[in-house]
Student: 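Mind looking over this structure? Questions follow.
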Amino acid sequence: MKSLVLPSYNKNIIRAMLGLKVQESELPVPNSNDVLIKIHASPVNPSDIAFMQGTYNIVKTLPAIPGFEASGEVIDAGIEARSYIGKKVSCFVQDDLGGTWSDYVKANVNDVIVLKDDMNMDQAACFTVNPFTAYGLFDIVLLRESKAIIQNAAGSQVAAFIRKMAQINYTKVINIVRKQETADKLLSDGIKYVLVDIDEDFVEKLTELSLKLNPTVAFDAVGGTLAGYMFNSLDNDSELVVYGGLSGKPISGINVMDVIFKNKIISGFNLIDWKSEIGVDEFMKISEVLQNKFIDGTYSTSVIGYSSLDDIVKGLKGYISDMSNGKLLVKP
Ligand SMILES: NC(=O)c1ccc[n+]([C@@H]2O[C@H](COP(=O)([O-])OP(=O)(O)OC[C@H]3O[C@@H](n4cnc5c(N)ncnc54)[C@H](OP(=O)(O)O)[C@@H]3O)[C@@H](O)[C@H]2O)c1
């Protein structure tokens, strides 16, 4: 099979991606509970960028095949997984030896979702991570019966799913982005509350809007002082949920009096922990609900384009220069 291979981690993402090489190797042999998937497509996610920089929580033995998520067809399986052969699947693989920026990947059946016939395979490539993350995050909004929320990195795909869930549940969303062009796009899509964090009066605008809407949940994928501003803008009895660290900066500027006297808390969300907390049966039920919403067109991931394994550097440069535009799909 052909795969992309990362020879070394590098904090400088351009240097890290320039190191990527296409390499040929033997097909992996599935163990008893594994399937071998012929990959249809695999997205580029912020976790892949952090992985190449060596700053993600998964560090593989080098040289490593990047990519954690894909769609494809099962073409072989171990003795306990033979029933999967021929099935269309989405997978999430964090194995040391495997990666999804490849022709094929080996995956444990626990990391595989069998897809309904009508599921679009490009959409399926981005199915195992972001839709479930948004679902898990939005569960917090439902539990807290929050009527309004704040989210940053609001041009992201996770943020778009959260907005959709909020719309269905009549929850107001204050969206924060870092570029005016992203704000313009969201506003032209009919999204009401959009703030740009580099605007001079950003903090005043956020405070004003928060006093009007009384948000009790904030989703932070950025960190730094922005997370602090979001926390301070929340109403009493509220929660800042940290699920990403895109700025690479520690959260700062938290008003300690709010923590002590206003019952405000900070929590973390991680998809893998959430998945094991809810258990297999509940996860399968949610998968069914989400797949139906993809099939009927309620939910979708924006895809900006495709890259072959050979052309990955060009594709990655395009993605990191404008991540809000949609996902790049690596297609072997
Ligand atoms: N905790 C979990 O289990 C979990 C699971 C899935 C995803 N996530 C996290 O969710 C976040 C969104 O993922 P995604 O796949 O939806 O992203 P995406 O669609 O690829 O978009 C990335 C977004 O992040 C913005 N961004 C990048 N660097 C930024 C920075 N330093 N400051 C502010 N905004 C920045 C981009 O804005 P520009 O257009 O301005 O570049 C873009 O809107 C990521 O942090 C990801 O790691 C967490």
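When a ligand or atom number is given, it counts from 1 through the structure's own listing order.
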Student: How close does the nearest protein non-hydrogen atom get to atom 30 (C) of ligand 1, and which residue and atom is it?
Tutor: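 Here the nearest protein heavy atom works out to R178 NH1, 3.4 Å.
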Student: Taking only non-hydrogen atoms of Y319, do any sit less than 4.0 angstrom from ligand 1?
Tutor: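 A heavy atom of Y319 does come that close to ligand 1.
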Student: Under 3.5 Å between any N/O of P46 and any N/O of ligand 1: does that happen in this structure?
Tutor: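 There is no such contact.
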Student: Among all protein non-hydrogen atoms, which one is nearest to atom 7 (C) of ligand 1, and what is the separation to 0.1 Å?
Tutor: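 I find the closest protein heavy atom is N130 OD1, 3.5 Å.
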Student: Could you check whether any side-chain heavy atom of F294 comes within less than 4.5 Å of a side-chain heavy atom of P131, counting everything from C-beta outward?
Tutor: yes
Student: With atoms numbered from 1 as shown, which atoms in ligand 1 lie under 4.0 angstrom from a non-hydrogen atom of Q157?
Tutor: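 Once the distances to Q157 are compared, the set is 16 (O), 19 (O).
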Student: I want to confirm something. Looking only at heavy atoms, which of T133, I176, N45, V222 is nearest to atom 32 (N) of ligand 1?
Tutor: V222
Student: Compute the shortest N/O to N/O distance between I320 and ligand 1 and return yes if it is under 3.5 Å, no if not.
Tutor: no
Student: Quick one: look up the protein heavy atom nearest atom 36 (C) of ligand 1 and list residue, atom name and how far away it is.
Tutor: M323 CB, 3.7 Å
Student: What is the nearest protein non-hydrogen atom to atom 23 (C) of ligand 1, stated with its residue, atom name and distance?
Tutor: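 Scanning the protein heavy atoms, the shortest distance from atom 23 (C) of ligand 1 goes to S156 CB, 3.6 Å.
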Student: For S47 and ligand 1, does the shortest N/O to N/O distance drop below 3.5 Å?
Tutor: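 Such a contact does not occur with ligand 1.
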Student: Report, in ascending order of atom number, the atoms of ligand 1 lying under 4.0 Å from any heavy atom of V129.
Tutor: 5 (C), 6 (C)
Student: Against heavy atoms of S324, which atoms of ligand 1 measure under 4.0 Å?
Tutor: 36 (C), 37 (O), 38 (P), 39 (O), 42 (C), 43 (O)
Student: Write out the residue and atom name of the closest protein heavy atom to atom 24 (O) of ligand 1, then the distance separating them to 0.1 Å.
Tutor: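 For this ligand atom, the closest protein heavy atom is L246 CD1, 3.3 Å.
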Student: Less than 4.0 Å between a side-chain N and a carboxylate O, is that true for D76 and R82?
Tutor: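 Salt bridge present between R82 and D76.
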Student: Between ligand 1 and V158, is the shortest N or O to N or O distance under 3.5 Å?
Tutor: yes
Student: Pairing donors with acceptors under 3.5 angstrom, does anything connect the side chains of T171 and N169?
Tutor: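 Their side chains do not contain a donor-acceptor pair, so the 3.5 Å distance test is not met.
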Student: Quick check for you: to the nearest 0.5 Å, what is the distance between L206 atom CG and L226 atom CG?
Tutor: 8.0 Å
Student: Apply the side chain to side chain contact (heavy atoms under 4.5 Å, CB included) test between K185 and each candidate in L187, D189, T182; give the one that qualifies.
Tutor: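 Passing option: D189.
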Student: Distance under 4.0 Å to a non-hydrogen atom of L271: what atoms of ligand 1 satisfy this?
Tutor: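 Within the 4.0 Å cut-off of L271, ligand 1 contributes 2 (C), 3 (O).
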Student: Strictly by modelled atom types, are N255 and K262 linked by a side-chain donor-acceptor pair under 3.5 Å?
Tutor: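 No, K262 and N255 have no side-chain donor paired with an acceptor closer than 3.5 Å.
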Student: Considering only protein heavy atoms, which is closest to atom 18 (P) of ligand 1, and at what distance to one decimal place?
Tutor: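 Ranked first by proximity to atom 18 (P) of ligand 1 is K327 NZ, 3.4 Å.
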Student: Atom OG1 of T133 and atom CH2 of W274: how far apart are they, to the nearest 0.5 Å?
Tutor: 8.0 Å
Student: Any salt bridge between E239 and R144, counting N to O under 4.0 Å?
Tutor: yes
Student: Suppose we measure from atom 48 (C) of ligand 1 to each protein heavy atom; which comes out shortest, and what is that distance?
Tutor: Y243 O, 3.0 Å
Student: Are a donor atom and an acceptor atom from the side chains of E80 and S32 found within less than 3.5 Å of each other?
Tutor: no
Student: With rounding to the nearest 0.5 angstrom, report the CZ to OG1 distance, F68 to T100.
Tutor: 8.0 Å
